[in-house]
Amino acid sequence: RQRGTGFDFGTYHTLEDIYAELDHLASEYSFVEKIQIGQSYEKRPLYVLKFSTGGSNRPAIWLDAGIHSREWVTQASALWIANKIASDYGTDASVTSLLDHMDLFLLPVANPDGFVYTHTSNRMWRKTRSKIPGSVCYGVDPNRNWDAGFGGPGASKNPCSDSYHGPSANSEVEVRSVVDFIKSHGNFKAFLTLHSYSQLLMYPYGYKCTRPADYAELESLGRSAANAIKSLYGTTFQVGPICTTIYMAGGTTIDWTYANGVKYSFSLELRDTGRYAFLLPSSHILPTATETWPALLDIMVHVLEHPY
Amino acid sequence: LETFVGHQVLRVRTSNEEQVKQLQLLESLEHLQLDFWINPSASAVPVDVRIPAASVQSVKAFLESHGIEYSILIEDLQDVLDQEKQDMARAAQ
């Protein structure tokens, strides 16, 4: 079969084009499968790429991007990373070893309604697009909607705010779909979520300013991953718990995953040129993705080598 | 399609907790319609804020009157978005 569809990983794409590329990757590589884990508020499918070379319910790693829809470089990086994982299996020793023992699940567009809305109506949109009963405003910040310190400091109770936590934990179907999937799988060992921007590599907690039980290991692994990022273009990442690194924030993704037994829970805020914030020009997609990849691989290899 | 002509994004650097509190006060002024890309939290963390054209002068005056340092991250947001759109169209072709 002929390789490639001319898909340009160095430019931004619509949801339709991204989903078509997921189909292409799934058709091109026998160990890649596109699965639907749910649908968004506006009934768009939530697609995950499953990388699996066999076995049954192997220990797994989760990777997602684009939960804040306007952070386009994250969805674009996730696609590049998907292609990188697929094409490196069998040629790169680390990726091969990883996929020979573990499964990997990648959700490149965690908030498809918001993503489409950024393309069609408002480039600044970051939330979901759910209708809030009793309010003229739409959408919930899906990174304040998880059942961990829900409704606490760092989230807004105002439905018109960009950090609105939602009417209840898991009120957003985009969040609930991931929660249900992680719970039903039951064997996730790492959860990595990509955001932009501000060059941070964070671990729990966000809803409280106390150190997690695995603080020493997460801090050390985080620093190692940050060094891996720096090795390519010199981009410096700050490492630490969400609460002390940026601010206290209730209801965040990795607080929920950590509380539910996923020890290696990290949130990355990708590069900041100091000029564009999350409106990174497309010329930065490949540098961003390529510098992020060694950090992700570093964490994933650590997870493989430190079973629990 | 919402446009952002004249919107500016400022990067604000605070030097003490008092200035952080001033920014948090600014955040609460809903009539300014500010969009905080990075919220005010601690003096070590810079704050990025998108300001609609109509509020730019008021916000800058507020910052200057409180001695809060800022720089312009994005001069005109719509210019950046137009460029992004052109890039996408070119790539699609």
Side-chain angles (χ1 to χ4, degrees), chain A residues 6-14 16-17 68 70-73 76 117-126 141 153-156 158 160-163 195-200 206 209 238 240 242-249 269 272-285, chain B residues 1-14 17 20-21 23-24 27-53 70-93:
Chain A
F7 188 85
D8 185 354
F9 291 97
T11 64
Y12 292 118
H13 296 273
T14 62
E16 196 180 24
D17 289 347
H68 287 148
R70 65 192 185 181
E71 296 165 5
W72 281 9
V73 77
Y117 200 68
T118 61
H119 279 269
T120 57
S121 300
N122 182 346
R123 179 66 182 85
M124 297 299 114
W125 194 258
R126 113 181 190 132
D141 181 344
S156 174
N158 174 5
C160 298
S161 165
D162 259 341
S163 59
H195 291 243
S196 89
Y197 58 103
S198 61
Q199 298 177 194
L200 304 171
C209 285
Q238 196 182 335
I242 296 173
C243 179
T244 52
T245 306
I246 181 159
Y247 41 66
M248 197 185 261
E269 295 274 351
D272 173 11
T273 60
R275 291 183 64 193
Y276 301 101
F278 59 81
L279 295 167
L280 214 52
S282 58
S283 58
H284 279 265
I285 295 172
Chain B
L1 180 66
E2 197 162 330
T3 57
F4 299 90
V5 177
H7 288 221
Q8 284 197 347
V9 181
L10 300 187
R11 175 154 292 181
V12 184
R13 294 187 187 277
T14 51
E17 291 307 310
V20 174
K21 283 186 183 146
L23 286 187
Q24 286 167 343
E27 196 179 14
S28 68
L29 302 177
E30 289 182 9
H31 68 280
L32 294 173
Q33 296 187 299
L34 305 181
D35 171 13
F36 279 82
W37 291 3
I38 301 178
N39 296 80
S41 56
S43 57
V45 183
V47 173
D48 288 354
V49 56
R50 173 174 63 85
I51 310 166
Y70 69 88
S71 57
I72 298 171
L73 196 66
I74 297 175
E75 183 79 37
D76 187 323
L77 186 57
Q78 193 58 45
D79 285 349
V80 176
L81 300 185
D82 289 343
Q83 184 63 48
E84 186 180 73
K85 209 165 189 176
Q86 280 173 22
D87 285 350
M88 277 187 74
R90 215 172 9 247
Q93 282 168 10

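In what follows, chains are A, B, ... by sequence order, proteins preceding strands, each numbered from 1.
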Can you tell me how far apart CG (B/Asn39) and OG (A/Ser163) are? Round to the nearest 0.5 Å. 6.0 Å

Flag the pair A/Tyr276 / B/Val9 as yes when at least one side-chain heavy-atom distance between them is below 4.5 Å, and no otherwise. no

I'd like to check B/Met88 versus A/His119 (side-chain heavy atoms, cut-off strictly below 4.5 Å). Are they in contact? yes

Look at A/Gly10, A/Ser161, A/Ser121, A/Gly274 and state which one has the largest set of heavy-atom pairs under 4.5 Å with chain B. A/Ser121

Which region of B/Glu30, side chain (C-beta onward) or backbone (N, CA, C, O), has a non-hydrogen atom less than 4.5 Å from a non-hydrogen atom of chain A, or is it both or neither? side chain

At a heavy-atom separation under 4.5 Å, does B/Leu77 approach chain A through its side chain, its backbone, both, or neither? side chain

Using a 6.0 Å cut-off, check whether atom CD of A/Glu16 has over 12 heavy atoms from anything other than its own residue. no

Reported CZ-to-CD distance for the pair A/Arg123 and B/Glu84, which is rounded to 0.5 angstrom: 4.0 Å

OG1 on A/Thr118 to CG on B/Leu81, rounded to 0.5 Å: 10.5 Å

Residue part contacting chain A, namely of B/Arg90, when any heavy atom lies under 4.5 Å: neither

Heavy-atom pairs under 4.5 Å with chain B are the metric here; pick the option from A/Trp72, A/Tyr197, A/Tyr12 that has the most. A/Tyr197

Under a 4.0 Å N-O cut-off, is there an ion pair linking B/Arg11 with A/Asp272? yes

Within this structure, what is the CD-CH2 distance for the pair A/Glu71 and B/Trp37, rounded to the nearest 0.5 Å? 10.5 Å

Counting only non-hydrogen atoms closer than 4.5 Å, does A/Asn158 touch chain B with its backbone (N, CA, C, O), its side chain (CB onward), both, or neither? side chain

NZ/NE/NH1/NH2 to OD/OE distance under 4.0 Å, B/Asp35 and A/Arg70: yes

Find the distance between OH (A/Tyr247) and CD1 (B/Ile38) and round it off to the nearest 0.5 Å. 7.5 Å

